[in-house]
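Residue numbers start at 1 and run along the sequence shown.
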Amino acid sequence: MRAAYLEQLGPPDVIRFGEVADPVPGPADVLVDVLATTVNPVDTFVRSGVFRTPLPMPFVVGRDLVGTVAAAGPGATGFAPGDLVWCNSLGHAGRQGAAAQRAVVAADRLYRLPAGVAPEVAVTMVHPAATAFLGLFTHGRLRAGETVVVAGAGGNVGSALVVLAVAAGARVVATASAADADYCAGLGAAEVLDYRAPDLAAGLARACPDGIGLYLDTSGRNDLETVVELLAFRGRVVLLAGAASRPVLPAGALYMHDRTVTGFVISHASAAELAEASVTINRLLAAGRLRPRATLELPLARTAEAHRMIERGELHGRRTVLRP
């Protein structure tokens, strides 16, 4: 089969496109004919070696797919040939990736796609939406009625955070560029603040008079010195970007008010956590509430180009859809 694959770590140029051996499913696996895949920032981290994980070489890149079931092992109950399915956790921990004509997926990491949802819509959303779910609920312990601040709400994960938080009954205050204000408001944010404003901290204090229940920073700025002081009693900060940041932590304001700071990456999520997220993702996909802002369709042969575009910041809110 044809695939985008690596034989060594490095820059996007190490990605090759060509023939590799067809994957062989085990008894609890499902063989999927891939209809579409995409590229996430984490894929560039794996390819370059920034995020270390076991990679069997040659290694097929890619985390996410939408496809149809070609065959299911005897232990992969609940799946039949022709089923439309999705996965967002390939290409990590020794699992081969999704950027190929076919992929093998463990049955406990594969989910049915709701009827009427286009593959090109779903494949762009399942990774940012799962990240948002884990940040809000698994790690952020969000409760209905709380005030949630989403920093970087105009981005892929940020916009998914707004949609999921609003759907859960939270009041969302977003920070984004002025150009993204209408977009964030359209997703359901109650207030949108310009993250470049010199008085942003004062604006957040005014927008959250009872304190911030949950603060999620997708931008990687991680200004804990400012944010921790704005939290409500037992307020939480969830960090999911900014690997190189070294923020100041106001410890007194943290422990005297039962506040917490938590970090996570989706790559460490368990199969059970991802399955829980899939229920909410499918519900919001079916309702049309999870959609990409814009897409760029490319053939799978241009996977290296998609990696370069992400690293150069050239997509500007667009999500790539790669088709085998």
Side-chain angles (χ1 to χ4, degrees), residues 1-67 69-79 85-111 123 126-128 130-131 133-134 138 240 243 263-278 300 303-304 306-307 310 322 324:
M1 68 172 185
R2 290 183 300 250
Y5 65 95
L6 310 175
E7 291 184 329
Q8 64 185 51
L9 299 178
D13 291 347
V14 301
I15 298 176
R16 299 183 177 184
F17 181 76
E19 294 290 328
V20 299
D22 278 31
V24 179
D29 295 332
V30 179
L31 181 64
V32 177
D33 289 326
V34 179
L35 294 174
T37 183
T38 187
V39 179
N40 302 292
V42 69
D43 297 319
T44 70
F45 302 155
V46 170
R47 182 216 72 233
S48 64
V50 169
F51 191 96
R52 291 287 180 169
T53 184
L55 302 181
M57 298 293 183
F59 172 71
V60 176
V61 300
R63 186 68 54 106
D64 312 333
L65 65 78
V66 172
V69 172
T77 57
F79 295 102
V85 292
W86 62 271
C87 175
N88 61 354
S89 57
L90 294 181
H92 178 260
R95 298 184 292 275
Q96 288 284 359
Q101 291 179 299
R102 297 174 204 91
V104 165
V105 185
D108 62 352
R109 292 178 178 270
L110 191 66
Y111 322 108
V123 79
V126 294
H127 186 87
T131 303
F133 182 93
L134 294 168
T138 306
L240 51 155
F264 89 99
V265 293
I266 190 173
S267 297
H268 296 317
S270 67
E273 289 170 340
L274 292 172
E276 183 183 10
S278 75
L300 191 63
T303 299
H307 276 240
I310 282 187
L322 301 171

How many angstroms lie between [atom1] in [X] and [atom2] in [Y], if you round to the nearest 0.5 Å?
X: Glu273; Y: Ser278; atom1: CD; atom2: OG; answer: 12.5 Å
X: Asn40; Y: Asp64; atom1: CG; atom2: CG; answer: 4.5 Å
X: Thr38; Y: Leu65; atom1: OG1; atom2: CG; answer: 11.5 Å
X: Leu9; Y: Arg52; atom1: CG; atom2: CZ; answer: 5.5 Å
X: Phe17; Y: Thr303; atom1: CZ; atom2: OG1; answer: 7.0 Å
X: Arg95; Y: Phe59; atom1: CZ; atom2: CZ; answer: 9.5 Å

Heavy-atom closest pair, residues [X] and [Y]:
X: Gly91; Y: Val46; result: O-CG1, 4.3 Å
X: Val34; Y: Pro324; result: O-CG, 3.5 Å
X: Phe79; Y: Ala107; result: CE1-O, 3.8 Å
X: Ala271; Y: Asp108; result: CB-OD2, 3.7 Å
X: Asp33; Y: Ala70; result: OD2-CB, 3.7 Å
X: Ala100; Y: Ala3; result: CB-CB, 3.6 Å

| said: Between His307 and Arg47, is there a side-chain donor-acceptor contact under 3.5 Å, judged purely by atom types and distance? | reply: yes
| Residue pairs passing the salt bridge (Lys or Arg N to Asp or Glu O under 4.0 Å) test where at least one lies in residues 35-46, sequence neighbours excluded | none
| note | Applied to residues 13-27, the salt bridge (Lys or Arg N to Asp or Glu O under 4.0 Å) test, sequence neighbours excluded, yields Glu7-Arg16, Asp13-Arg308, Asp22-Arg102
| task | Walk me through it: do Thr138 and Phe133 pass the test side chain to side chain contact (heavy atoms under 4.5 Å, CB included)? | result | CA-CA 7 Å; Thr138 306; Phe133 182 93; 4.1 Å; yes
Give a yes or no answer on whether the side chain of [X] reaches the backbone of [Y] with a donor-acceptor pair at less than 3.5 Å.
X: Ser48; Y: Pro11; result: no
X: Arg63; Y: Leu90; result: yes
X: Thr53; Y: Ala93; result: yes
X: Asn88; Y: Val126; result: yes
X: Gln96; Y: Val60; result: yes

| remark: When Val42, Leu240, Leu274 are each screened for side-chain contact (heavy atoms from CB on, under 4.5 Å) with Ile266, the one that passes is Leu274
| request: Answer yes or no: are there more than 12 heavy-atom neighbours, outside Arg2 itself, under 6.0 Å from its atom CZ? | output: no
| message | Would you call the rings of His268 and His92 parallel, tilted or perpendicular, taking 30° and 60° as the class edges? | response | perpendicular
| Just wondering, do Ile15 and Leu6 contact through their side chains at under 4.5 Å, heavy atoms? | yes
| Within a strict 4.5 Å, meaning less than it, do heavy atoms of the Val85 and Val30 side chains meet? | no
